[in-house]
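Report on one structure; see the data block that follows.
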2 protein chains.
Amino acid sequence: MATRARPGEREDALSRARIVEAAIEMLDGGNELTFRALAAQLRTGPGAIYWHVANKGELLAAAADAVIGEPQPVTDDPALTIRTAALEVFDAIDAHPWAGEQLARLSSQPTVLRIFERIGRQVQALGVAEAEQFTAASALLNYVLGVAGQHAAQARSVEPGTRRSDVLRAASTNLDPDRFPFIRDVAGQLREHDDRVQFLAGIDLILEGIRSRLPDGR
Amino acid sequence: MATRARPGEREDALSRARIVEAAIEMLDGGNELTFRALAAQLRTGPGAIYWHVANKGELLAAAADAVIGEPQPVTDDPALTIRTAALEVFDAIDAHPWAGEQLARLSSQPTVLRIFERIGRQVQALGVAEAEQFTAASALLNYVLGVAGQHAAQARSVEPGTRRSDVLRAASTNLDPDRFPFIRDVAGQLREHDDRVQFLAGIDLILEGIRSRLPDGR
DNA sequence: ACCTGAACACCGTTCAAGT
DNA sequence: ACCTGAACACCGTTCAAGT
């Protein structure tokens with residue numbers, strides 16, 4: 001049996017890490033995650049995976065968690081750190097849209113809590129009053145998760161690389177302009193648009209809301 | 001055959017409206033939407049449904065759309081209208097968490113575009129500069145969709161009626177306090193918390209960010 | 001302890017056949 | 001035009017049996 005073993009690639013035993021890695025590869029390839037296909041890829045039976053992973057949901061969560069990554073070091077500018085953290089998440093879901101879908105449908109899972117923690121600490125560093133910290137951090141988190149979900153939805157429905165503004169412009173063409181005047185207007189304005197820049201603009205807007213409530217100025 | 005026909009309830013022919021209605025009933029009951037179960041409920045075969053609905057995704061989208069509802073009349077206070085519109089969405093996803101999941105994973109679908117349009121028009125009415133309108137409306141929309149997804153995720157994983165703050169407090173107990181100091185802090189502060197009030201506080205925070213950029217003062 | 005793969009209990013969807 | 005329901009091509013998950 002000619003198993004094409006690439007040089008330096010030992011035929012490791014099955015492990016949670018290898019399973020998650022193979023799952024990520026599969027999802028990144030645009031394929032649906034299936035225990036049968038995954039087992040075939042790992043040259044084993046579907047039952048073997050269940051020794052290392054409880055079920056499909058856990059595997060998807062683990063794959064998303066692996067792809068979101070560990071936090072970057074903080075800077076001494078809390079707002080900058082928040083922007084950086086948010087962009088990290090954006091870049092991760094941009095590279096792995098399926099992870100964006102997971103993020104949006106996971107609640108209080110380690111991955112989301114880690115993002116929340118990271119944002120929350122910087123909210124504290126900004127000097128937000130105790131009573132407002134939860135609101136501020138939640139607003140940022142929910143915005144990020146909302147974008148994650150929309151980004152994933154788009155990746156599913158259009159060709160990769162299509163910008164949100166293009167989708168919106170296309171959608172607005174099919175819309176009754178009398179019922180959707182705003183979308184018509186705004187779609188026209190959106191000539192040059194970068195989803196990443198747009199995402200950051202939203203973060204900055206929320207940060208401005210947070211700042212305007214700060215006890216002392218800035 | 002004793003079909004228990006309630007008085008005044010004619011045994012209508014199958015229709016898209018009846019199918020969507022039955023689907024909503026099924027989802028509200030906490031059951032998974034299945035073509036077989038739905039067909040049984042409608043006393044027909046699964047194939048019959050396909051004459052009126054293209055596939056499961058379309059049916060879920062139609063059910064979510066039906067449940068989000070038509071916009072309320074606008075007031076002459078744009079901020080108030082935005083708050084009202086946001087609360088309408090929150091109340092709908094609170095009553096039908098499965099619809100929240102759909103919202104979060106649908107992009108540029110009529111339902112989401114309708115919410116976006118509603119928000120966007122009020123953003124214009126607030127006097128936001130043209131170049132900022134898309135950012136402002138997107139920030140609000142993505143926040144709403146993020147909450148929708150989280151709310152749905154929670155409804156799936158805990159008993160109905162559990163508040164986000166309780167989930168967070170429970171989660172924080174299992175968390176390493178050294179790695180999650182913020183969540184630990186904030187979970188402690190969250191004694192009396194209403195998810196609906198909390199949701200609105202986030203909307204107000206973003207609105208404040210929008211206002212702080214207004215050309216003229218308020 | 002870990003792996004195998006057949007088997008179980010489902011799915012969404014199609015389609016020939018009916019009315 | 002609309003409905004029926006068997007059939008197709010899958011799923012996730014379990015579990016007896018192996019090593």
Side-chain angles (χ1 to χ4, degrees), chain A residues 1 3 5 9-65 98-99 101-102 105-106 109 153 156-157, chain B residues 1 3 5 9-65 98-99 101-102 105-106 109 153 156-157:
Chain A
M1 209 117 295
T3 55
E9 193 182 58
R10 196 159 62 76
E11 192 71 359
D12 291 271
L14 208 54
S15 69
R16 198 184 149 92
R18 268 192 74 213
I19 291 169
V20 170
E21 193 190 348
I24 292 172
E25 211 170 311
M26 202 161 171
L27 289 160
D28 280 345
N31 304 303
E32 207 209 338
L33 182 63
T34 276
F35 273 71
R36 267 167 247 264
L38 192 62
Q41 179 84 0
L42 294 163
R43 278 185 220 102
T44 182
I49 297 169
Y50 282 88
W51 186 262
H52 299 95
V53 163
N55 52 45
K56 190 176 176 174
E58 197 197 280
L59 180 52
L60 277 167
D65 191 72
W98 52 268
E101 187 178 358
Q102 288 311 305
R105 41 172 282 124
L106 260 41
Q109 295 256 184
R156 272 197 310 273
S157 62
Chain B
M1 208 118 300
T3 55
E9 192 182 61
R10 197 159 59 77
E11 192 71 358
D12 291 272
L14 208 52
S15 68
R16 199 184 149 92
R18 267 192 76 213
I19 292 169
V20 170
E21 193 190 347
I24 291 171
E25 210 171 310
M26 203 162 169
L27 290 159
D28 280 346
N31 304 303
E32 206 208 339
L33 181 62
T34 277
F35 273 71
R36 266 167 249 264
L38 192 61
Q41 179 84 1
L42 294 163
R43 277 184 221 103
T44 180
I49 297 169
Y50 282 87
W51 186 263
H52 299 95
V53 163
N55 52 43
K56 190 177 175 175
E58 197 198 280
L59 180 52
L60 277 166
D65 191 71
W98 53 269
E101 187 178 358
Q102 288 310 305
R105 41 171 284 124
L106 261 41
Q109 295 257 185
R156 273 196 309 275
S157 63

Which pair of heavy atoms, one from [X] and one from [Y], lies closest together, and at what distance?
X       : Y        : value
B:Val53 : B:Glu58  : CA-OE2, 3.9 Å
B:Ala61 : B:Gln109 : CB-NE2, 4.4 Å
A:Ala39 : A:Pro46  : CB-N, 3.5 Å

Q.
Suppose we screen for salt bridge (charged side-chain N to carboxylate O under 4.0 Å, His left out). Which residues come up paired with B:Glu21, at least two apart in sequence or across chains?
A. none

Q: To the nearest Å, give me how far apart CG (A:Leu38) and P (C:dC3) are.
A: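 For the pair A:Leu38 CG and C:dC3 P, the rounded distance is 13 Å.
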
Q) What is the per-nucleotide protein-contact pattern of nucleotides 10-15 of chain C, from the 5' end, where B denotes a base atom under 4.0 Å from a protein heavy atom, S denotes such proximity for sugar-phosphate atoms only, and - denotes neither? A) -BBBBB

(Q) Under 4.0 Å from OP1 or OP2 of D:dC2: is there any side-chain N or O of B:Trp51 that close? (A)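 Yes, B:Trp51 has a side-chain N/O under 4.0 Å of OP1/OP2 on D:dC2.
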
Run the side-chain donor-acceptor check on residues 22-31 of chain B: report pairs under 3.5 Å with partners two or more places apart or on a different chain.
from: B:Asp28; atom 1: OD1; to: B:His96; atom 2: ND1; distance (Å): 2.7
from: B:Asp28; atom 1: OD1; to: B:Trp98; atom 2: NE1; distance (Å): 2.8
from: B:Asp28; atom 1: OD2; to: B:His96; atom 2: ND1; distance (Å): 3.1

Q. Would you find a donor on one side and an acceptor on the other, under 3.5 Å apart, between the side chain of B:Arg18 and the backbone of B:Leu42?
A. no

(Q) What does the 5'-to-3' dot-bracket notation of DNA chain D look like when only Watson-Crick and G-U wobble pairs under 3.5 Å count, and pairs to other strands show as |? (A) ||.|||||...|||||.||

**Q.** side-chain contact (heavy atoms from CB on, under 4.5 Å) involving B:Ala17 - partner list, sequence neighbours excluded
**A.** B:Ser15

Q: Any side-chain hydrogen bond (donor to acceptor under 3.5 Å, both in side chains) involving residues 48-57 of chain A? Give me the pairs, sequence neighbours left out, ordered by first then second residue.
A: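 For residues 48-57 of chain A, and leaving out neighbouring residues, there are no side-chain hydrogen bond (donor to acceptor under 3.5 Å, both in side chains) pairs at all.
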
